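Owing to the predicted nature of the structure, the values given are computational and were not obtained by experimental measurement. Note on naming: letters A, B, ... go to the chains in the order of the sequence lines (proteins, then strands), and numbering restarts at 1 for each one.
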There are 2 protein chains.
Amino acid sequence: MTLTELRYIVAVAETRHFGHAAERCHVSQPSLSASVKNLEEELGVTLFERGKRGVFLTEAGAQIVAQARRTLEEAERVKTVARQGRDPLKGVLRLGIIHTIAPYLLPQLVAALRRDAPEMPLDVEENTTANLDRMLKAGELEAVILALPYGGPGIETVPLYEEKFRAVAPAKHALARKKSVAVEELDAGELLLLPVGHCFRDQVLDACNEFSRPPEAGRQGNSLETLRSMVASGLGISVLPATALTARHVSPLVKSIEFSAPCPVRRVALASRRGFHRPAALEKLVGAVRELDLPVTAL
Amino acid sequence: MTLTELRYIVAVAETRHFGHAAERCHVSQPSLSASVKNLEEELGVTLFERGKRGVFLTEAGAQIVAQARRTLEEAERVKTVARQGRDPLKGVLRLGIIHTIAPYLLPQLVAALRRDAPEMPLDVEENTTANLDRMLKAGELEAVILALPYGGPGIETVPLYEEKFRAVAPAKHALARKKSVAVEELDAGELLLLPVGHCFRDQVLDACNEFSRPPEAGRQGNSLETLRSMVASGLGISVLPATALTARHVSPLVKSIEFSAPCPVRRVALASRRGFHRPAALEKLVGAVRELDLPVTAL
DNA sequence: TGAGGGTCATAGGAAAGGGCTATCGAGCCT
DNA sequence: AGGCTCGATAGCCCTTTCCTATGACCCTCA
């Protein structure tokens, strides 16, 4: 049974004439006759009564033709769906973003994309690098925004921007009065960090590699905003990325102090699988990020 | 786009592996690859992302595969419908019967068929010979039970039975006391007939061809039962076929008198289009009629 | 009644589509 | 670097499908 055969029997049913049906289907009458007969034999049912008075649908034929119409309709919809899906800027883009970037990038990014690529909504997964890596490789995500270094076989990355880290301390803390601070000056005992698993935690520890041991338990917050609150409450000091310290995030209780050179930074990139089929979607995403008003250095 | 191609992409989507999908579809991997590629080109959409990490469905691919599944489902139903329609004794039989036969044949016929061919319900059209002829030739009916002579190009008839005509008169009418009557004895002025268009009217007039002119207006009834009532009311005499005069139709007010030889008769037949695709259904119908307990002579 | 026209089926050969085997090439892994 | 996995490509073959020509049948009309 083929879609062509189904088209043929629908045409015969509608024209009640093999010749006219053949014409409509742009084939010769013998071809159409043979196809119809072939289908009748495969189905084991006589679909049409061929009489000198004309062609009539049999009882079974009527039901089968009706079902054939439904089938052809669904088949047509395959093409319709394909047409709609042809535009790479159309259709959901499944994007992963790590916890320490998402809250500070997403609001502006979503707004920008809604303007530049209105038919490409984002399906955002906020998670840790390890989980996003797994999901990207498993095909559950099309792209991931995370901190470098990141890569591996089959993965392509596009650097987006580099952002500086800044120290944050309670307004009344001695540090708060300084204009800048060297990483070595930070007191490991006071430092508040994200839990294990967050790459930002490792980056901070890396930058301040003078800290021989991680801070004791109780000196952790589950998100950068939690850390900020903890600092505001005077529980200690911490380090945040610049994007978490824009005007919209300021608090009178927390002062941020820039690091003296060499200032620790992190590089943020967009990662995707090599050979991803919608490069245009990625380019749009990269372009949108680069045009955002962020306290970062473009790469 | 072919159903085979749709089957292939569904298999690839489910296995996420061209080789395994090919195995499932009982084709070689290159054949399947080529078909998938072919479909992708026809649709203008990349359905699968082929990476070394595996095969992933694209956004558009997911939608298209879902639609392909629906299409294949509908296609499967074509076969299901065909299976159900394969039995010639299954499915409605559209049967026409003339007005002067239907009321006396149908009740018993329907009962018999419900027993012998329970999956072949009758869709009965009661009408005049002229209308039934048109409907049969137009394919709106599969068979017609009517009085001979009937036929023509493309039409086949099977004689069913022959039934005698009988005169009917009010119980107090002089005729009612006779044991038999010759057609010539009937009084044309008293005779009640069906309206023009009923073949039975013509048959009665034919049999009693001594009547030079049809009876005047007002001496007509729209059905045999109306004629019987009119006779019962003493409005005149009439002629009815034997099947309208069985025990279940007797009335104390109406007497029926048989005709002396040569007794006028009508021959009832089953007509169908030559080449009708369900001869078994017709045979069943003929058999059922012949086994009925009717006051007729089988043919 | 016999010629003509209409309609679907059959026959035979050509073109194309789809299948197979063998092989390639890219990329991963050891 | 070499082996392995996996999808793509190449080249060939065969089945399927299509076309033209013709046949069979039957209705119609002179």
* Asked: If you check every side-chain atom of B:His17, which of D:dG7, C:dA9, D:dT20 has the closest atom?
  -> D:dG7

* Structure fact -> Which of A:Leu132, A:Thr128, A:Val268, A:Leu105 passes side-chain contact (heavy atoms from CB on, under 4.5 Å) with A:Ile98? It is A:Leu132

* To do: Would you mind telling me which of D:dT20, C:dC20, D:dT9 lies closest to the side-chain atoms of B:Pro30?
  => D:dT9

* To do: Would you give the length of the straight line joining atom CD of A:Glu142 to atom CE of A:Met135, rounded to the nearest 0.5 angstrom?
  => 10.5 Å

* Structure fact -> In whole angstroms, the gap separating P of C:dT7 from CD of A:Glu49 amounts to 17 Å

* Sugar-phosphate only, base, or nothing, as touched by A:Ser33 at under 4.0 Å among non-hydrogen atoms -> sugar-phosphate

* Name the nucleic acid region contacted by A:Tyr8, choosing base, sugar-phosphate or nothing; use a 4.0 angstrom heavy-atom cut-off, strictly under. => sugar-phosphate

* For the side chain of A:Arg50, counting heavy atoms from C-beta on, which of C:dC8, C:dG18, D:dT9 is nearest? -> C:dC8

* **Cation-pi, B:Phe18 ring and B:Arg50 (6.0 angstrom, 45 degrees)** => no

* **Listed nucleotide nearest any side-chain atom of A:Asn38, set C:dT21, C:dG18, D:dT17** => D:dT17

* Structure fact -> Among D:dG7, C:dC20, D:dC19, the one nearest any side-chain atom of B:Val27 is C:dC20

* Structure fact -> B:Gln29 CD to C:dT23 P, in whole Å, measures 15 Å

